[in-house]
Structures are given as structure tokens and as C-alpha cells.
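Below you'll find the structure, written out as C-alpha cells, and then a few comments.
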Amino acid sequence: MDLELDGLTVTASGRRLIADIDAHVRSGQLVGLVGPNGSGKSSTLRCVFRTLTPNRGTVRLGGEDVAGMSLRDSARMIAALTQESQPEFDFTAAEVVTMGRAPHKSTFARHDDEDRRIRARALSEVGCEHLAERDFRTLSGGERQRVLIARALAQQPQVLVLDEPTNHLDIRHQLDVLALVHRLGLTTVTALHDLNMAASWCDRVHVLDRGRIVAAGPPREVLTPEIVREVFGVRAHVVDHPGTGAPQLLFEPSRPAA
Amino acid sequence: MSAPTKAPETEVDSSPVEGSPSEHGRLLLTLAVALVVLAASVIGGVALGPTSIAPGKALSLLHEALRGGVVSAEDAGTYAIVWNIRLPRVLLAAVVGAGLSTVGVAVQAMVRNALADPFVLGISSGASVGASAVALFGFLGALGLYALSTAAFLGALGATLLVYLIARSGGGLAPLRLVLTGTALSYGFSAITTLMVFRAPNGNAAQSTLFWLLGSLGGVTWSSLPVATVVVALGIGYLLLSARRLNALSMGDETATTLGVAPERLRRELFVVTAAVTGVVVAVSGAVGFVGLMLPHLVRLVTGSDHRRVLLLAPPAGAIFLVWVDVLARTLAAPEELPLGVITAAIGVPCFLLLMSRRGYSFGGR
């Protein structure tokens, strides 16, 4: 299902967080949002998973404006990993994944075999069956992200929204999480800090700067030395990855001012 | 990142998966056991007291009372104790315990803080102001016997409203803001209560007010039961139906939203429900501390943190606990009565310290 962001603008306490954000994520695509801190990546994603209401513009899913849907209805189609830290109570990983069923259950409905099957499948899809009974808070960062992705899968969504899913992870787990997301093949929008990760995994990349999209397209067209210098203030060279052929950036170490 | 393992992997594999049929059966079994223990506790609570009555005798008298039978003349005195004094008191203890422990679970989820209890929102200290005004200065005298509980309820309601309005004015009911507002206002209300006790025209009244503040079920009659029971039952029912939403809320406001739960709206609903239940409970029993803080944690030790299970066991657990606390309050220093708050603290503090020293239970600490 296609996800379209059309002219999203958010102003909070007099400050413009994002302005005129347009993006079209085609079904099955993995689209990355990159940009410096405070460039509006999270604000854009928040409009999609509805913790922020845009002052102007629309988010459309399969052509339908999500603003017209109930939270429960949109939660059945859009699953998200936010940047929120840990829960306050010691839920097991299985319980966390079960929460993904919430938007599918009415107030009086009980969890049935179908829900248990979906949970088991979600856990196995992220390779975490063995963690089911572990306290979620004692899991490592990488395991935690996998379990949260399993929760998202339990929502049986059309679209996955990830807000910096590789934050605080070591390199192996960063690759691990993105490979997993790529393999799932869902329509996905993700904010990423690491430009080379974006270049390796994303079908398209949107570069944000001070709340606006300044470039969008396939990584090779967008992650150019010119744009990187303009947006991040860093000199970079582009080389081809010897293994994958993906464009990769090599950054010039900045010299201390004389 | 240090990640202490809770249990060895081999053990993990053999344990039933949450929500599987066997796990479900175990939960129902635990609930059944809790209800049986509760029934036994009620009978025990009726039998025990300054005048001890054999449990069998108590049971047969209760049976007669329920089927409208006749009691012999020699049993008339015992019957009066059992039916008019002990039973309503024990039942109210169960209702109060169930209410406080369940509301404790809800408040901890609502403010996302494992150290919160029903009184963190300023409800009990507000009730105390109302009750003290009646006990010390004879406000609402026209209401007679009901003056104290009415005033306590009005005080609780007023305090809750004030906390709500102040906490909300920052835009949304942020959990930390709620806790801080409640705590700050509690100090204010306590100061007012203390001032009233000091300025009281009559020393006896001051002492009885202090006694009430620490919780007591002395002088409970059947008339205290219906309102409290209905409100507590409705509150528990509502919370049970909201268990899934409470789980989502525990993960954070943003996550809750992405799971289809509007956090602001849920928190508003929880606020109303906890205020109503706590207000009614405090009105009939005074401010019994520690139950709403400790019982949720004890229950979580047995059930884990999933609110669908915690909320099923919290009511009977709280009920059993408070029935026995009240028995101790009546018997330990008979014929004098001890305030319930003293007993809950005497049991609760060591329990809590024991819990804290236990490995693997983190109280929600990081």
C-alpha cells in the first residue's frame, strides 16, 4: 500500500518544525529520511504514526487520509518503532509482542489461538523465539529492537515506520536490524543517522534540512558530495562499495581552525 | 550494556508461554485459590475478635441469617455480634482492600511510576481535610452519621479536581506533572489538617480524627457497604476491560498511540475512576496507607506485569490482605483498636524491603 505525505507542515509553540514535506513511498519500498539533528525527521514520522498532528498537509495511506481514521484503525495499518525508552514494568518479550494485537481486539475480545499464532510467527520471523519469556528490559539493545519489530509485525501492518532503529546499537546489530527490515519487504519509512546505512539499504532517500526536504531520490543521486557538504557541513567523497556496489561516503576529517 | 539474565535458557524453554492454554489454566487456578482463601478469610475475620467465636458456629449463624432461619435465645448475643458488627466490617475490609490494591495498579500505570499509590494524587489528604473539619468543628452536622464520610468524599473530590486542573494547565496530563502536583498539594492539605487538629476546641475529637486519618473500620454498619461495594466493583470492572490499554500505556505515550490507544483520553478516564474509587474507600475507612503501593507489586511477583493478569488477582489479594489487617487491628491490643495504617506499615515495610533485596524484581527501577 502506498504511503503519501503531502505538504506536511507542523508548527509548535511558534517554531516551524517541518514545512511542506512531500514524500511518496511506493508499496514495498524502503525509504530513508536523513538529515542533521533537528532537521525534522522525527517530526515527519510522528505525523505518520499520529503522535503529532500536522497544521497543514495530509498523510494518505492507499489514497485515504489517515486524519479521518480512528487511532485504532490506523494502528492496524501503520506500525511504528518510536524512540521511547523502556517500559516501567517488567513485561516479558512475549507480552510486548502481544501488545501488537491491541488494535485488532475490541474491548471485550479475549486473546485466542489466532493471536498466539501471530505472536509466535512474529517472534520467529525476527529470530527471537528463544527470548519469549525473558524480561524485555534485560534484553540487549539489538534484541530489544528485534522484539519491537516483532510487536510491529503482530500488528499485521501495511506500513512500518522506524524512528532511528539503529540508535545505540553496535555495528553488527545495526546491520542486523536493517537487513531484517529489508527482508520483511514491508512498505517502510525510516529515519537514519548513518548515511552509509541509508545508501546501502534504502530504495530512496529524502534529505531533510531545517524542516524541509532538500533532495529526494535513489541514494546515488541524492547522497552526493555537494548535498552532504551543503546540509551536514562535511566534505565527503563517494566511492562504490567493493562488495555490494552501493555508493558509500568517505568523510574528510575536519581540521581544527588555525 | 549489562543485561543480567533472569533465568537460565533451559528453564525458559520448559516454562509455558504466556497466553498458552496451560498458562491460562494456571491463572484461573490461582484466581480460584485466591477466592477460596478470601472466603475462608471472611469467615476467619468474623470468628476472630475480642470475643472469639468458633468458625463453625460463625458459619452456621451466617447460614441461618442468609436463609432467614431462627437462632436460639442463647445464641442471640453471638448472632448480633456476627451479623450486625463483624460481618459488615469484614466485608467492608474486603471491599476496601480490593479497591485500594486495584486502584494502585491503575495509578502506577497511569503515571507510569512503580512507586505511585492511590494517594499520590492528593486524594487521601484532601479527604482528611474534609473529615477533620467534620470531626473537629462539626461541619455538615445536619447529615448526622454520614457527615464524616460525606465530608471525606467531598474533600477527596475537591482535592482531585484541584490536582487535575493544575496538572492539566501545562497542556495534557503528563505523568510526572501529575505526580508532582499531587505530592505538592498533599503537603498543603496535610498542613491544613494538622492546623485544624491543633486548633481543635476539644482534645478527644482531635485524637479520634488522628485515628481516622490512619484508617479504621470501627463502627462500620451495613449501611456503609452498598455505595462502596458498587463503586469499587464498577471501578474494577472498568479497569479489567481496560487492561490491554493499560499495557500499551505502560510502554509510553507515543507507543500507546501507535498501538491505537489515545493516552490522554485513557489517562483522563483513569483519573476519574481512581478518584471515585479512592474517594469512596477513604470515606468509609480513612486513609489506609501502603495497600495500594505494596499489593500491586506482590501480585506482579506472582502474575508478571501483564495487566490482564495483574488486575484479575489484585482485587482478591487486596481483599484478603485487608481482612487480616483488620483482624489484627481488632485483636492485637483488644479491647483497644489499632489504626489499620499502623498494621499495614508494620507488615508492609518489611515485606517491601524483602522484595527490594530479591534479585530479579526491579520495582520498575532501571
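Here is how names work: the chains are called A, B, and so on, in the same order as the sequence lines, proteins then strands, and each is numbered from 1.
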Which portion of [X] sits near chain B, non-hydrogen atoms under 4.5 angstrom:
| X | answer |
| --- | --- |
| A:V161 | neither |
| A:S74 | neither |
| A:A79 | neither |

Please check this pair: side chain of [X] against backbone of [Y], looking for a donor-acceptor N/O pair closer than 3.5 Å.
| X | Y | result |
| --- | --- | --- |
| A:E84 | B:E254 | yes |
| A:E88 | B:A114 | yes |
| A:Q155 | B:T258 | yes |
| A:R76 | B:G260 | no |

(request) Under 4.5 Å heavy-atom distance to chain A, tell me which part of B:R112 shows up: side chain, backbone, both or neither. (result) both
[X] to [Y] - nearest heavy-atom pair and separation:
| X | Y | value |
| --- | --- | --- |
| B:Q108 | A:F89 | O-CZ, 3.6 Å |
| B:R308 | A:T98 | NH2-CG2, 3.7 Å |
| A:E95 | B:D306 | OE2-CB, 3.5 Å |

(request) Heavy-atom pairs under 4.5 Å with chain B are the metric here; pick the option from A:R50, A:K105, A:H104 that has the most. (result)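 If we count pairs closer than 4.5 Å to chain B, A:K105 comes out on top.
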For the atom pair [atom1] ([X]) and [atom2] ([Y]), what is the distance rounded to the nearest 0.5 Å?
| X | Y | atom1 | atom2 | result |
| --- | --- | --- | --- | --- |
| A:L148 | B:M251 | CG | CE | 6.0 Å |
| B:L301 | A:D90 | CG | CG | 8.5 Å |
| B:L259 | A:R101 | CG | CZ | 11.5 Å |

(request) Measure up the A:F91 and B:H307 rings against each other and bin them: parallel (under 30°), tilted (30 to 60°), perpendicular (over 60°). (result) tilted
(message) Would A:R151 and B:T255 count as a side chain to side chain contact (heavy atoms under 4.5 Å, CB included) here? Give the steps.
(response) CA-CA 11 Å; A:R151 186 192 68 201; B:T255 303; 3.2 Å; yes
(request) Give the intermediate values and the outcome of side chain to side chain contact (heavy atoms under 4.5 Å, CB included) for residues A:L71 and B:T257. (result) CA-CA 7 Å; A:L71 269 187; B:T257 309; 3.8 Å; yes
